[in-house]
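Structure, as structure tokens:
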Amino acid sequence: MRLCFRIIFLTVVLNFSCFFTSAQVINLQSNHPYKKVFIETDNFNASYLDTLEAYWNKLPSDSLQFSTLNDLAYYWHTRNLTKALRFTELGLKLSAQKNNSLWNGRFQVTQGAVLLRMEKLDSAFQVLQEAKTKVKTADLPFLYTQLGYVFERRGVLDTAADYALFGLELGKKLNDKKAMALAYSDLSNLFYKQSKFEKGLEYGLTSLKFFEERNIDDLDYDFTLFVVGNNYLSLKKYPEALQYYKHSIQMAERYGFYNNLSDVYIALSELYSYQGKFKEAEEAATQAIYYATLLDNNFMLMRSWLSVGKIQNLQGKYDLAIESLLRCLEIATSQFGDKFFLTETYQALGKAYAGSQNYKEAYAAFEKYDQCKNAVFTAEADQRISLLQTEFEVAKKESTISQQEKEIELQRSRQLYVIITAGLLLLLLALLFRTLYYNRKKNKLLQQQNKDKEFLLKEIHHRVKNNLEIVSSLLALQSSQVSDPNVAEAMQESQNRVHSMSMIHQRLYQGKNLASIDMNDYFISLSQHVLDSFGADQRITLEYAVENMELDVDTAVPLGLIVNELLTNALKYAFPGNRSGKIKIGLRQMENENSIALEVVDDGVGQQENQVTRGTGFGTQLISLLTQQLDGKIENNFKKGTAVYFEFRLNGAA
């Protein structure tokens with residue numbers, strides 16, 4: 001009943017958190033719609049697999065779909081092996097239909113990982129061997145890890161160690177920290193199984209260092225915490241073992257790694273048993289059974305019942321221990337490939353029978369124990385592991401000697417470098433003193449020249465402004481002598497154009513910056529002048545939406561003329577009969593920061609479709625020419641009043 005309640009509770013949690021995860025895991029609107037878990041992100045929570053299942057086939061490319069489906073298949077093996085195998089077989093089918101040999105091989109690697117955990121070791125070995133010819137070199141370290149697991153489960157520890165070494169060497173060549181971390185983790189576990197706990201601990205801690213450099217928590221990092229805890233436990237360093245077990249449990253519960261949780265709780269039951277804390281040990285064993293049941297993994301379930309039997313042996317409950325251990329063997333069946341744990345099971349069963357004074361069955365159990373032990377702990381395996389240890393120690397010493405020789409050579413080079421550098425520094429100091437003396441004189445001269453040039457530039461802008469004002473005044477005098485209203489109007493417009501240019505030169509010589517114009521201040525002054533020239537300041541309201549922006553003269557002058565023309569057109573045609581209205585001037589920088597947008601919008605009468613252009617059309621031509629000059633685009637909108645939009649490439653923004 002309690003187990004059912006916990007399964008229901010986990011299901012509710014999975015469904016509740018699914019919504020919050022989907023947007024973070026897969027975003028179909030993004031250019032990078034799927035962040036690969038434990039490589040680009042460690043956002044793997046209770047609903048992660050549900051999200052992948054819902055969205056993997058909606059991704060835009062075959063490669064993305066295969067990558068997501070492969071992750072879905074592989075990480076289901078942490079929670080339910082049957083589902084993991086189902087998704088793997090789907091991936092194999094689809095990749096075969098698409099003739100995608102690479103992804104077919106990668107799905108085979110995942111299939112091998114699932115099959116070996118289902119104790120189908122021969123099938124796992126076969127598909128992994130086939131995958132070797134299909135996948136890329138970068139995929140091989142992970143493939144070697146799975147092949148190593150196959151031989152570890154078979155009890156062929158020397159071959160398992162060879163595959164770990166293959167993965168380590170390839171990881172070093174590829175500079176793949178994950179591959180090196182996996183290899184050291186596997187070696188740590190193999191040395192632990194050979195009862196070489198000090199070396200097992202050393203390799204386990206080395207593995208953790210590589211995992212932590214990646215700064216991403218994942219399934220294998222969590223498993224390595226468990227392996228390091230096992231080595232500490234066997235060395236009877238119980239506080240350290242407990243620390244690593246608790247860290248592993250915390251991570252596994254966060255990500256839902258049921259297989260790791262079952263592993264760690266089995267180890268915890270042993271730790272508590274050694275300390276005589278049998279109540280805590282039984283609770284840990286119960287947790288191990290719970291997660292093995294969720295995972296649907298007979299390998300984990302067999303080991304969980306083995307831990308129960310060991311606890312009962314230590315308590316002297318031999319009959320219960322016999323029952324638990326027989327159940328353990330029943331789960332294992334005759335096809336069970338991991339002789340290491342069969343060895344432990346028959347040893348515990350022999351002790352239980354002996355404790356219950358059933359010596360005949362005890363003898364049979366111990367006989368089985370000897371057979372399994374001889375199969376696992378062979379002389380060849382022990383020699384290979386010992387040789388491996390020697391190779392590592394020799395390589396380590398050679399590396400130390402080589403490093404020391406490099407440091408000595410480096411020290412000599414540094415001494416020579418210091419002597420040469422000291423001599424050069426004395427020479428450079430003398431040259432520097434002389435250079436500084438002459439540079440100081442040159443800087444003073446340059447500063448004076450810059451001041452003179454700045455004064456001359458301001459004077460030039462001042463004179464240009466005065467000359468343009470004279471031209472404007474001449475146009476004003478001439479227009480007062482003209483009786484033809486059309487000519488007078490044209491001259492008034494020309495006067496405004498000249499004034500718009502003179503204002504720019506006025507701001508250049510009055511401002512601090514001789515290279516650019518404050519467009520907000522400039523547009524306000526320009527529009528007020530045009531409004532005054534038409535006597536419309538009482539009935540027309542001006543609105544500004546101009547960002548703080550400074551532009552160079554080559555850009556500001558054409559923009560000023562364009563705004564002048566559009567304001568003039570609006571005041572002449574948009575508000576007939578002296579009606580009131582509003583004109584908006586806007587200038588902003590576009591998102592790409594290489595363009596600016598200008599808009600002049602009025603709420604006047606607008607222009608009807610196919611309406612004949614009023615006036616001479618010179619203003620419209622001038623606007624078109626200026627827009628081309630600035631390499632811009634123009635867009636008109638006559639739905640509500642008149643709105644003219646421009647987009648210009650920004651070449652000279654200050």
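A quick note: this is a predicted structure, and the numbers were derived from the prediction, not measured.
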task = For the residue pair F646 and F648, categorise the inter-ring angle as parallel (less than 30°), tilted (30 to 60°) or perpendicular (more than 60°).
result = parallel
ask   = Would you call the rings of Y74 and F142 parallel, tilted or perpendicular if under 30° counts as parallel and over 60° as perpendicular?
value = perpendicular
message = Run the salt bridge (charged side-chain N to carboxylate O under 4.0 Å, His left out) test against K173 and tell me which residues pass, sequence neighbours left out.
response = none
ask   = Quick check: are there more than 12 heavy atoms from other residues, nucleotides or ligands sitting under 6.0 Å from OH of Y544?
value = yes
Pairs flagged by side chain to side chain donor-acceptor pair (under 3.5 Å) wherever residues 60-73 is involved - sequence neighbours left out = Y34-D71, K36-S67, K36-D71, N70-T110
inquiry  = For Q111, is there any backbone N or O sitting under 3.5 Å from a side-chain donor or acceptor partner on T88?
reply    = no
inquiry  = Please check: side-chain N/O of N260 versus main-chain N/O of F257, any donor-acceptor pairing under 3.5 Å?
reply    = no
task = Supply the atom-to-atom distance N637 CG to T642 OG1, rounded to the nearest 0.5 angstrom.
result = 9.0 Å
key: Residues that F575 engages under ring pair (Phe, Tyr, Trp, His ring centres under 6.0 Å), provided they are two or more places apart   = none
remark   = Contacts of K178 meeting salt bridge (charged side-chain N to carboxylate O under 4.0 Å, His left out) (sequence neighbours excluded), chain-then-number -> D218, D220
ask   = Between T435 and L431, is there a donor-acceptor pair closer than 3.5 Å when you use the side chain of the first and the backbone of the second?
value = yes
inquiry  = Once salt bridge (charged side-chain N to carboxylate O under 4.0 Å, His left out) is applied, do any residues pair with E213, and if so which ones, sequence neighbours excluded?
reply    = K177
task = With sequence neighbours excluded, tell me which residues meet ring pair (Phe, Tyr, Trp, His ring centres under 6.0 Å) with F211.
result = Y221
ask   = Would you call D603-K640 a salt bridge at under 4.0 Å N-O?
value = no
key: Main-chain N/O of Q589 paired with E547 side-chain donor or acceptor, under 3.5 Å   = yes
request  = Answer yes or no: is there a donor N or O on one side and an acceptor on the other, between the side chain of R79 and the main chain of G256, under 3.5 Å?
outcome  = yes
